[in-house]
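Here's the structure, in structure tokens; my notes come after.
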Amino acid sequence: MYYREAGRLVKSFAADRRMLPLMEDRFVTTLFVVVVMYGLVTWLASDYIFSAILIPMMVLGVATLGLNIATGYTGQLSLGTAGFMCFGAFAAFNLIFRLDWMYIPLAFFLAGLIAGLMGIIFGLPALRIKGFYLIVSTLAAQFFAEWVFNAYPWFLNYTSSGVVNLPPFHYKVFPFQELTPLNDAFWHSSRGRYLITLTITIALIVACKNMVRSSTGRNWMAVRDMDIAANVIGISVAKTKLMAFFVSTFYCGVAGAMYSYCYIGNLDFMIFNLRRSFLVMFMVIVGGLGSILGSFLGAIFVYGWPILVTRLGDAIFGGGTLDTAFVENNSKIVVGTIIIVLLIREPGGFAALWNTSKQKLRVWPFSK
Amino acid sequence: MNTSTDSKNPILVLDNINLSFKGVKAITDISFNVYEGEICAVIGPNGAGKSSMLNVINGVYIPQEGTITFEGKQFKKMKPGTAASMGIGRTFQNIALFAGMSTLDNIMTGRNSFHKATFWETALNVGRVRSEELASREEVEKIIEFLGLQSIRKTPVSSLPYGLQKRVELGRALAAQPKMLLLDEPMAGMTMEEKLDMSCFIQEVNRNLGTTVVLIEHDMSVVMDVSDHVVVMDYGKKIGDGTPEEVMNNQDVIDAYLGVSH
Ligand SMILES: Nc1ncnc2c1ncn2[C@@H]1O[C@H](COP(=O)(O)OP(=O)(O)OP(=O)(O)O)[C@@H](O)[C@H]1O
Ligand SMILES: [Mg+2]
């Protein structure tokens, strides 16, 4: 590392409360976001990089962050993630399709609210039950989503195939869009969808960071670590749990909306199945419970590993040598092994590994 | 030391408390007062029901019979949240810190009742969030300084030694600015030096902030030293109640402590 905390004295509580207390961190992060993410990447990346790598990683990262709010920060297990993504995706579609004036960011926000309300409803059992049993009850959300969108084709605008293609629909991204040089075609392109996803993802990361560095996040963690003590010091455990469920499923709902609109470009409830809920849970475990950075590391790794294996295979053995079944099995084995190793050696996941190595670098070479 | 407890107002009145767990009696017919501004020690052999008594006071356990009157308000069923909002702070016998959080954050959670900002205000970091956070931080820093926790401010509490954890837990209770503190064996398992520190902290809080303290303690020298009022329990019953001197000369208490058969 090329800079450290040594000698940096924090001179006020306000400065100590900053999202990134180190000036260098702020500089590098801003530079990265503005110059790399909005600048170079937006300018140079190919359609493949946008659609198959960056957009899905960010979208899954948001879903993982959502689950992490409930599980990592508040200690409430859930297997309903894909179900809540599904609510969000269908809410966004119906808002955009049925309301002419709707804007994408507003639709995604409202989709998040609707998913959040479902989260409160399915989170109610959390007031009574804990741990393993809560998993069973959140599964209900998963099956309810799959059932309701199957049983009521209105939500799909009676599309007979059960899958709605989204890109042909007109959508607006912001007011007075027609006055800018960026037309509809741009916003439908992978570059435009990347910019939408990136902006929403950054906003959600900032909001999450704000919550966890304030009373909201402290209350979540207090309930997670010891709910009786939390109650005794005056935290309403019920309210805190429901709020965490709301925020968690809000994030999942927005992720679901982005999944349909920005990533796969269609609406299909079959995609938001239990497997996807498990996948997001693996991302949380691999990345690190209760870590924002970890949520994205987990999503990037679990989603990116099979792609990396395929690419490496292509590079080493020539294109198309590795068949998809091999890659799929390989990534199952690798991710599974990593989960087992992490659960035993480092329950904090990649995020904790990152922090440990930072700490080692800090004291190197004077200590190990 | 305070000898004029009679002339003082009771801040807490426990009347005829009975508590049993599935038929097993933990507390039988206990009544006593805690007076405003005093340090009241609850003593008794293991299993006497002392911790259960504290749990009844702040609503963790609901007694089958009896009433709890705090500052003139009578309750048949106290709730932990109500107790906290009325100004009853608490530490536990088996430390109940939030293991995944730092010392600072643990003490900050103690101030949760002062944080009125809603979660969406915190998400956007607007409105009262900043001022509330900074105000709390300032108060918490005073506590950190008072308890000498500066060097472990950002350390996860799970990695702290036992004695320090007990101190952090006291800090978290103090952060709520309680009117009454319930301390369950705050000095258990500590070295002599740590015990001295802890009893100094408790006495200072009591004197300087006027906080009423109810504490459970096994070390008699500490009890004699710090308390104004002692309640003795044995097998769920009250066998002594008075000044430390009175209690020490009480035959029942002497018997209980010398292990005379019942
Ligand atoms: N939650 C509970 N469920 C069942 N029995 C309990 C419970 N809590 C306490 N008891 C019983 O009540 C009696 C009093 O326990 P309590 O913990 O109040 O004693 P204590 O005086 O604090 O003892 P110690 O000095 O060992 O802490 C014991 O017999 C104990 O087994
Ligand atoms: Mg006890």
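Just so you know, these numbers use all the heavy atoms, side chains as well, and skip hydrogens, waters and symmetry mates. Quick note on labels: first sequence line is chain A, next is B, and so on, each numbered from 1.
- Heavy-atom pairs under 4.5 Å with chain B peak, among A:C208, A:A230, A:S12, at A:A230.
- A distance of 8.5 Å separates CG in B:L124 from CE in A:M211, rounded to the nearest 0.5 Å.
- Along residues 234-243 of chain A, the residues that come nearer than 4.5 angstrom to chain B, judged on non-hydrogen atoms, are A:G234, A:I235, A:M243 in order of number.
- The most heavy-atom pairs under 4.5 Å with chain A, out of B:T91, B:T122, B:I88, come from B:T122.
- Other residues, nucleotides and ligands place more than 12 heavy atoms under 6.0 Å from the CZ atom of B:F119.
- Counted within 6.0 Å of CZ on A:F27, heavy atoms from surrounding residues, nucleotides or ligands total 12 or fewer; the atom is thus considered open.
- The side-chain heavy atoms of B:N125 and A:R17, taken from C-beta on, include a pair separated by under 4.5 Å.
- Among the candidates B:A84, B:A117, B:P80, B:A96, the residue making the largest number of heavy-atom pairs closer than 4.5 Å to chain A is B:P80.
- The two residues A:D225 and B:A99 make their nearest non-hydrogen contact at OD2-N, 3.5 Å.
- For A:R218, the parts sitting under 4.5 Å from any heavy atom of chain B are the backbone and the side chain alike.
- Both the backbone and the side chain of A:R213 come within less than 4.5 Å of a heavy atom in chain B.
- Judged purely by atom type and a 3.5 angstrom limit, B:N112 uses its side chain to pair as donor or acceptor with the backbone of A:I233.
- For the set B:E169, B:E141, B:R111, B:R130, the entry with the most heavy-atom pairs within less than 4.5 Å of chain A is B:E141.
- Counting non-hydrogen atoms of other residues, nucleotides and ligands closer than 6.0 Å to CD of B:Q150 gives a total above 12.
- Pairing each heavy atom of A:A229 with each of B:F98, the nearest pair is CB-CE2, 3.9 Å.
- Using a 4.5 Å cut-off between heavy atoms, A:A203 makes no contact with chain B at all.
- With respect to chain A, the highest number of heavy-atom pairs below 4.5 Å among B:K154, B:E132, B:K79, B:E121 belongs to B:K154.
- No more than 12 heavy-atom neighbours from other residues, nucleotides or ligands sit within 6.0 angstrom of CD1 on A:I228.
- For the pair A:S215 and B:E133, the tightest heavy-atom approach, listed with the atom from each and the gap, is N-OE2, 3.0 Å.
- At least one side-chain heavy atom of B:R137 sits less than 4.5 Å from a side-chain heavy atom of A:D16.
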Under the side chain to side chain contact (heavy atoms under 4.5 Å, CB included) criterion, do A:M221 and B:T109 qualify, and how do the steps go? CA-CA 10 Å; A:M221 292 183 269; B:T109 50; over 6 Å; no
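- The shortest distance between side-chain heavy atoms of B:V140 and A:F13 does not fall below 4.5 Å.
- Of the atoms belonging to A:V247, it is side-chain heavy atoms, and not backbone ones, that fall under 4.5 Å from chain B.
- Only the side chain of B:N58 has a heavy atom closer than 4.5 Å to any heavy atom of chain A.
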